[in-house]
Peer 1: 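Here it is: the structure, laid out below.
Residue numbers begin at 1 in each chain, while the letters A, B, ... track the order of the sequences. These numbers come from the heavy atoms of this one structure, side chains and all, not from hydrogens, waters or symmetry mates.
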There are 2 protein chains.
Amino acid sequence: MTARLDIHGDELDSRAREVLREIVIQHVSTGEAISSRSLSKSGRFNLSPASLRNVMADLEDLGYLQQPHTSAGRVPTDRGYRFFIDHLMKSRRLPQHEIDTINEEVSHTTEIEEVLGLASRLLSRLSDQVGMVFMPTLLQFTIRSMDFVLVAENKIMCIIVGTNGVVVNKIVESRLSFTRDELDKISRYISVEFAGLTLDAIRRRLVRMTEQERALHDSMLQKTIALGIEAVDDVTPVNHELYLEGAESMLTKREFSDAGALRKTFLALQEKEKLVDILNACLVEDGLQILIGSESDFTNIHNFGIVARSYGTHNAPLGIVGILGPMRMEYSRMAPLVDYLGRALSRKIEEEGEQR
Amino acid sequence: MTARLDIHGDELDSRAREVLREIVIQHVSTGEAISSRSLSKSGRFNLSPASLRNVMADLEDLGYLQQPHTSAGRVPTDRGYRFFIDHLMKSRRLPQHEIDTINEEVSHTTEIEEVLGLASRLLSRLSDQVGMVFMPTLLQFTIRSMDFVLVAENKIMCIIVGTNGVVVNKIVESRLSFTRDELDKISRYISVEFAGLTLDAIRRRLVRMTEQERALHDSMLQKTIALGIEAVDDVTPVNHELYLEGAESMLTKREFSDAGALRKTFLALQEKEKLVDILNACLVEDGLQILIGSESDFTNIHNFGIVARSYGTHNAPLGIVGILGPMRMEYSRMAPLVDYLGRALSRKIEEEGEQR
DNA sequence: GACTGGCACTCCGAGTTGCCGAGTGCCAGG
DNA sequence: CCTGGCACTCGGCAACTCGGAGTGCCAGTC
């Protein structure tokens, strides 16, 4: 009866908003469906259960709430969560000790793989959800230097340092053999010639050089080119593009108390392609993003929520950090956490870059 | 009544052995408790269910079998599995394609962390259990060379190559600053001076050198020593000492169909200390080892089995490879798998060592 | 017109009962 | 020593009951 719609039709009555807000909060903390009676007893409304029932019925009609079954309380829908996050949520400040933990741990690492691994573990630990860190590609990665070290007869370790301080290393096996001195020379040559270029550009340039006349006669140059190409070649897909940590945190969540859903979820986490797709989509926008339920189709079952944020320098995002958990999670706590970690990573990377 | 014991009292009648064998095999493949009727119908015995019941009752009295409840079939006990493995099991040959897979994958990797990570994934995939690879310590690790590469103002990547071909690298942060040339010199000096020594020995020697008069006056030598010590210092606990892979394979095992046991198991896998203890114990003996149920106390619940083997050169085992799964697993398949992978790893390491 | 108490209705879940089938132990006979 | 037969036990399934929780709606009150 009582139409609780704004004149615009897309906004809720302030009372309805309060009710929705309270329901989300209560449901997140208890996991139960929320009844009119428990709302009334919460003391936040001076209303009887019957009145609240009217409001709730309206919210249900509008698609913000739903009933698991006839004689149960109400639970927020995707849409309910979405409205909550967009209009009702008050992000808490990140507690100081979490800030400290993040700063401390981040400052102690240097290699990129280490940092990303750490970040995902950190996220998982602090959020008690699954932590995700995604590094999409290194092709736009500009280099500062490239060094080659002899490791065995025809195995050479190649160390690439990015202008952003990121360090990548890999071992290449070459048919050619090199002496230490040759490698030293090559290191210097490449570092000087190619500093500031992206891996992609370097690769193209090296390939072009193969075709040039001069290269044919200079055997040293030939060797340099061959080694350079091999070094740049498949550095791109770093061993793990996607760092996932803390899948076991799912175990304690009540939404996974039955083994079937749990299994499905784990198997879904196994095949990372879908997650990569989802995260890649996040890469285009910057700032914090929250995906709820069917907004991201991770595992057909739409019981999940994702909080993510890009990191990297302002105009060139490097990748994504985020968490994945059940739809019913404390977004007001997760949001600042992910946001801060993203900032910390970005800062770290920028610092390393300036540092020389 | 019919005492089916050998004169020695510790051996079983040949019929009893056959029955036990069949029960283990059937139970492993089906997961069900085995009834006298199904044994009789298997066709391996020309006996009626009633006769088999007598044998089974004896086996139960002797502790090789047990009944989950009165009107259920029998299931092997720890002791039953132990007897099966020691006396009844015929190890199958490893199928050729698995041999090929292992050889191929192993031959494509070089860095130690890569190899170990790969091995654990490989084990998990081929066994459909949890794969474990453990590298206990690098202190007895003898080096062939040590190189230093400037990565940023005061960050230096240090690459240690072992005489066994193992490559370890880490980044050290130093208060001192070095030029490329200095680092080159230091690399050569250390590689020449210390080749063939263990990290432990190198460390001791460097520390001793600090105290010598000469060092006080030679600033280059001072720098060398400082850097050397930092490089050697905490290379020991490599980031992950224990590689665990495939915990999710537990999900599909019927013994973990209830969420509680599953949860306990995952949490137990989280804290790796206990596993490290167990594996360390395996290090002293060489050859394949199988631990069943209460023989290793992983997770108080004694439902697990471990198949493990040391790898490394003959007189100096480097670590352990193995799998962990429910007690009910195909030991006859797991044993050759773990064994072969252990051999492959050892061979790989030896080859790398010779190769120059 | 907004709020409230009351009442009938629905549905879940826990507990109870009864029953069937599977499997055993034991005994007596071949 | 083996076997068929019989009585016994137990787990699991299905049907049923019943109380509790929660809703929707209606009529009454301020």
Side-chain angles (χ1 to χ4, degrees), chain A residues 1-5 12-20 22-23 26-27 30-77 80 254-255 257-258, chain B residues 1-5 12-20 22-23 26-27 30-62 64-77 254-255 257-258:
Chain A
M1 203 65 44
T2 53
R4 303 215 166 273
L5 288 177
L12 296 174
D13 195 343
S14 89
R15 173 188 289 177
R17 296 164 77 111
E18 273 311 298
V19 169
L20 177 55
E22 187 65 19
I23 289 178
Q26 277 199 27
H27 178 252
T30 65
E32 313 270 315
I34 308 303
S35 70
S36 57
R37 185 153 175 275
S38 75
L39 274 187
S40 172
K41 284 208 299 186
S42 79
R44 304 183 61 83
F45 312 96
N46 285 323
L47 293 175
S48 76
S51 308
L52 288 167
R53 281 204 284 278
N54 287 324
V55 184
M56 290 161 85
D58 290 348
L59 282 169
E60 181 164 6
D61 289 344
L62 294 170
Y64 294 105
L65 297 180
Q66 77 188 58
Q67 277 181 286
H69 56 85
T70 325
S71 78
R74 258 92 170 190
V75 161
T77 59
R254 59 150 60 218
E255 19 266 289
S257 52
D258 90 293
Chain B
M1 203 60 50
T2 54
R4 301 214 168 274
L5 287 176
L12 296 173
D13 194 345
S14 89
R15 172 186 290 175
R17 296 163 80 111
E18 273 311 298
V19 170
L20 177 54
E22 188 64 20
I23 289 177
Q26 279 200 25
H27 178 252
T30 65
E32 313 272 314
I34 308 302
S35 72
S36 56
R37 185 157 175 273
S38 74
L39 274 188
S40 172
K41 282 208 299 184
S42 79
R44 304 183 61 84
F45 312 96
N46 284 323
L47 294 174
S48 74
S51 308
L52 289 167
R53 282 205 283 279
N54 287 326
V55 184
M56 290 162 85
D58 289 349
L59 283 168
E60 181 163 6
D61 288 345
L62 293 170
Y64 294 105
L65 298 179
Q66 77 188 57
Q67 279 182 286
H69 56 85
T70 324
S71 79
R74 257 92 170 189
V75 161
T77 58
R254 58 151 62 220
E255 19 267 290
S257 52
D258 90 293

Peer 1: Heavy atoms under 4.0 Å, any strand shown: does A:Ala72 hit a base, just sugar-phosphate, or nothing?
Peer 2: sugar-phosphate
Peer 1: Of A:His27, A:Arg44, A:Arg17, which meets side-chain hydrogen bond (donor to acceptor under 3.5 Å, both in side chains) against A:Glu22?
Peer 2: A:Arg44
Peer 1: Using only side-chain N and O atoms of B:Ser48, determine if any of them is under 4.0 Å from OP1 or OP2 of D:dC2.
Peer 2: no
Peer 1: When you check the phosphate oxygens OP1 and OP2 of C:dC3, does a side-chain N or O of A:Arg15 lie under 4.0 Å from one of them?
Peer 2: yes
Peer 1: Let me know the distance between CG of B:Leu59 and C1' of C:dT24, rounded to the nearest Å.
Peer 2: 15 Å
Peer 1: Could you give the CZ-to-C1' distance, from A:Arg37 to D:dG20, as a whole number of Å?
Peer 2: 11 Å
Peer 1: What is the distance, rounded to the nearest whole Å, between atom CG of B:Asn54 and atom C1' of D:dG4?
Peer 2: 13 Å
Peer 1: Rounded to whole angstrom units, what separation is found between the CG atom of B:Leu52 and the P atom of C:dA22?
Peer 2: 18 Å
Peer 1: Quick one: does A:Ser40's side chain have a donor or acceptor within less than 3.5 Å of a partner on A:Leu47's backbone?
Peer 2: yes
Peer 1: In whole angstrom, give the distance that lies between atom CG of B:Leu39 and atom P of D:dT3.
Peer 2: 14 Å
Peer 1: Indicate whether OP1 or OP2 belonging to C:dG25 is found under 4.0 Å from a side-chain N or O atom of B:Arg74.
Peer 2: yes
Peer 1: Within this structure, what is the CD-to-C1' distance between B:Gln66 and C:dG23, rounded to whole angstrom?
Peer 2: 16 Å
Peer 1: Let me know the distance between CD1 of A:Ile34 and P of D:dA21, rounded to the nearest Å.
Peer 2: 15 Å
Peer 1: If only side-chain N and O atoms of B:Arg53 are considered, is one of them under 4.0 Å from the OP1 or OP2 phosphate oxygen of D:dG4?
Peer 2: no
Peer 1: Tell me if the CG atom of A:Asp61 is crowded by more than 12 foreign heavy atoms within 6.0 Å.
Peer 2: yes
Peer 1: Output all residues satisfying side chain to side chain contact (heavy atoms under 4.5 Å, CB included) with B:Gln66, sequence neighbours left out; order by chain, then residue number.
Peer 2: B:Thr77
Peer 1: Taking all heavy atoms of B:Pro68 and all of B:Gly73, pick out the closest pair and write down the distance.
Peer 2: CD-O, 3.3 Å
Peer 1: Between B:Arg53 and B:Glu60, does at least one N-O distance fall below 4.0 Å, as a salt bridge requires?
Peer 2: no
Peer 1: In whole angstroms, how far is the P atom of D:dC10 from the CD atom of B:Gln67?
Peer 2: 11 Å
Peer 1: Would you list the protein and nucleotides 8-18 of chain C atom pairs, both N or O, that sit under 3.5 Å from each other?
Peer 2:
{"unit_1": "C:dC11", "atom_1": "O2", "unit_2": "A:Ser71", "atom_2": "OG", "d": "3.1"}

Peer 1: Which nucleotide, D:dT3, D:dT23, C:dT24, lies nearest any side-chain atom of B:Ala50?
Peer 2: D:dT3
Peer 1: What is the minimum heavy-atom distance between A:Leu52 and A:Ser36, and which atoms define it?
Peer 2: CD1-O, 3.8 Å
